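Just so you know, these numbers come straight off a predicted model, no measurement behind them. Within every chain, numbering begins at 1; the chains are lettered A, B, ... in the order of the sequence lines, protein sequences first and strands thereafter.
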2 protein chains.
Amino acid sequence: MTVTIYDVAREANVSMATVSRVVNGNQNVKPSTRKKVLEVIERLEYRPNAVARGLASKKTTTVGVIIPDISNNIYAEAARGIEDIATMYRYNIILANSDQNEDKELSLLDTMLGKQVDGIVMMSDAVTPKLLQSMENSPVPIVLAGSIDESQKLPSVNIDYFQATYEAVNMLITNGHKRIAFVSGPLSYTINVKYKLEAYKKALKDAGLDVDESLIVAEDSTYDGGVEAWKELNQIENPPTAYFAGSDELAIGIIHAAQDHGIKVPEDIEVISFENSKLARMVRPQLTSVALPLYEIGAVSMRLLTKFLNKEKVEDQNVILPYRIEKRDSVKEKSKK
Amino acid sequence: MTVTIYDVAREANVSMATVSRVVNGNQNVKPSTRKKVLEVIERLEYRPNAVARGLASKKTTTVGVIIPDISNNIYAEAARGIEDIATMYRYNIILANSDQNEDKELSLLDTMLGKQVDGIVMMSDAVTPKLLQSMENSPVPIVLAGSIDESQKLPSVNIDYFQATYEAVNMLITNGHKRIAFVSGPLSYTINVKYKLEAYKKALKDAGLDVDESLIVAEDSTYDGGVEAWKELNQIENPPTAYFAGSDELAIGIIHAAQDHGIKVPEDIEVISFENSKLARMVRPQLTSVALPLYEIGAVSMRLLTKFLNKEKVEDQNVILPYRIEKRDSVKEKSKK
DNA sequence: TTGTAACAGTCAAAGGTTTTCCCTCCTTTT
DNA sequence: AAAAGGAGGGAAAACCTTTGACTGTTACAA
């Protein structure tokens, strides 16, 4: 039925060991033998069985990728980075969505280990103790992409969320705003609460501004969440004049809600977002945004994983990538100084 | 080192076959035996090796998914549909990007077959003869998701692109437009040239309008492509007053290019797009758009694949899903009649 | 009481590779 | 001319399960 290494060996009058050597590029084969074997492989259309190979070698050249939701551009972008580097190093990817649900994450982890992946790249906005423990017990390396494990026990790739947020909020402060809203995604996400929110508070304090809890709102990181946030923030006595938005969609929701009420951006209110997806250029005004290097986070994570897989030495297993702030039209020039 | 079925068998005083039965839910095991085995499994933290299992059973419970680009929302949405249904049927997904490059598609196909996937879901905007041939020779079932193989030899899931386009263009005609532009993605894509473009031409002809080749332009399906298209179309003597755009990004590009030149949508020009991603609601005016059910295309494709994998009977292997046109603000009401 | 069927379980082959160990020739070296 | 060393390749174990053939036991109908 299917042609095996054994068939090739027989046809080529060599042992299966030799065929294996040829297939795997082992040097211990005479060129003439190699040629002969290669010809038979061609003729028989032999295709090595990766499953058998995996069983024998204990390597599957497959890595697991667990992400919250591939249909969300943020994760999709990172996934592409992961896959590109994986391909470059001849790995395939088993991709699964966790919906940021701990039980799914746990069971996915288990499934993938059962499938004998050589390593795992994990994206999770909330690394719970249980999850962390599972990952630490993993027999194969795991790297966290764009995800925070505060204990720093696991390798990870991130940007300095605190610094980035601080800088963004500061732009707004520099532009003279006193009432700056903080609109973020769910506060169950580590990055939102431990980094962005903290940085926001620190920036205000450093500028001698009060932190008004009513200016802090959390919604789903969606367009509608942004609209919702704007409404909420505009029924308080003293609405904000500037917004820090945790994502592009949030920012666009805020802007459109405002515009629909005759408020002009950036003339009347200013908005800065955190993401800089391609959406940022596709709305008017175009979004000033902290550029999150999603693709790079994915790519570097995968590269880091390959280092572990190849037993290369890794200097620092918690990588911090640079970010920049893309200045466009939702924040006035002034701050450029 | 790693605990195997053999260790469990020894500890539980049964044969590995019995352990295997317990693990696989085979009924031929006495409840007391089952319990005993389960306890040992628990205690030893035994985790079945899916690779060995795959070798022995010749089933991997893994399916391959080949798509042009996961970072593109269109495919990501479909991928999510695929993955959800795959999960529901306990399959995992090996995901790979082809960049719509025939060589990559071919080699990906080969790699996945080598990995012994049980089936494949393929998305390709240009099913070449060579690719088709490879897929036909596949030892495992392959279904085409949102992709056209004109020979209909392979199972597939699509919508009626022709009808949808015809209807969309007709809305524009109904609104009194005589000069309607057709702006699409690459003409190397089957759907664009054989369905959308043909439908556009037919709609015009049926309305007694001439087809003006200078109103037909193909660009990358991106925002910038849309901007480009608008520019191109507005340096001809008699620019169009309405646009059929092959994707949301294209539509948005066209709209913004126009707006940046003081042209109002839908007062001065009207635009209808083909996709209805979440972007459609995130721009002003909101996009009137043919709603492409991407998630469903993915989900139904995967479901179809499971039917083949379970040897269920399939009535029609070329599924056509319904579509609708989402009426919003980039086309005037009139056509609603 | 016997025969039979269902049930529980065992044994061992099979699945397709990789890999370790070993052997046989040749070449070199001395 | 003998010893040493290396290149090329073979044999077979190992990887961990599933699965089909088979055996022994039990329960029940006849």
Is the number of heavy atoms from other residues, nucleotides or ligands under 6.0 Å of A:Lys194 NZ greater than 12? no
Go through the side-chain N and O atoms of B:Gln100 and B:Ser124 and say whether any donor and acceptor fall under 3.5 Å apart. yes
A:Asn49 CG to C:dT18 P, straight-line distance once rounded to whole Å: 10 Å
Do any side-chain nitrogens or oxygens of A:Tyr6 fall under 4.0 Å of OP1 or OP2 in C:dT18? no
Between C1' on C:dG16 and CD1 on A:Ile41, what's the gap in Å once rounded to a whole number? 14 Å
Do you know which two heavy atoms are closest between A:Val65 and A:Met112, and how far apart they sit? O-CE, 3.8 Å
Scan A:Ser20 against the nucleic acid and name what it touches under 4.0 Å (heavy atoms): base, sugar-phosphate only, or nothing. base
Between residues 22-36 of chain A and DNA chain C, which residues have a heavy-atom gap below 4.0 Å? A:Asn24
For B:Gly119 versus B:Val140, what's the shortest heavy-atom pair and its separation? CA-CG2, 3.9 Å
At a heavy-atom distance below 4.0 Å, what parts of residues 55-64 of chain B sit against DNA chain C? B:Leu55, B:Ala56, B:Lys58
Would you compute the distance between atom CD1 of B:Ile142 and atom CD of B:Glu136 and round it to the nearest 0.5 angstrom? 9.5 Å
Just by distance, with hydrogens left out, do A:Ser156 and A:Asn318 show a side-chain donor and acceptor under 3.5 Å apart? yes
Base, sugar-phosphate alone, or nothing: which one does B:Val14 contact when heavy atoms must sit under 4.0 Å apart? sugar-phosphate
Got a second to check how far B:Tyr89's OH is from B:Asn310's CG, nearest 0.5 Å? 7.5 Å
Considering all heavy atoms, the nearest A:Ala126-A:Leu131 contact: O-CD2, 4.3 Å
So the contacted stretch of DNA chain D, first to last nucleotide with an atom under 4.0 Å from a non-hydrogen atom of chain A, runs from D:dG8 to D:dC16
Grab the two heavy atoms, one from B:Ile5 and one from B:Met16, that are nearest each other, plus how far apart they are. CD1-O, 3.6 Å
Judged by modelled atom types alone, do A:Ser20 and A:Asn24 share a side-chain donor-acceptor pair under 3.5 Å? yes
Check every strand shown and say whether B:Thr18 touches a base, only sugar-phosphate, or nothing at a heavy-atom separation below 4.0 Å. base
Mapping A:Met16 and B:Met16 to their closest nucleotides on DNA chain C, which lands nearer the 5' end? B:Met16
Between A:Gln116 and A:Thr60, a side-chain donor and acceptor under 3.5 Å: no
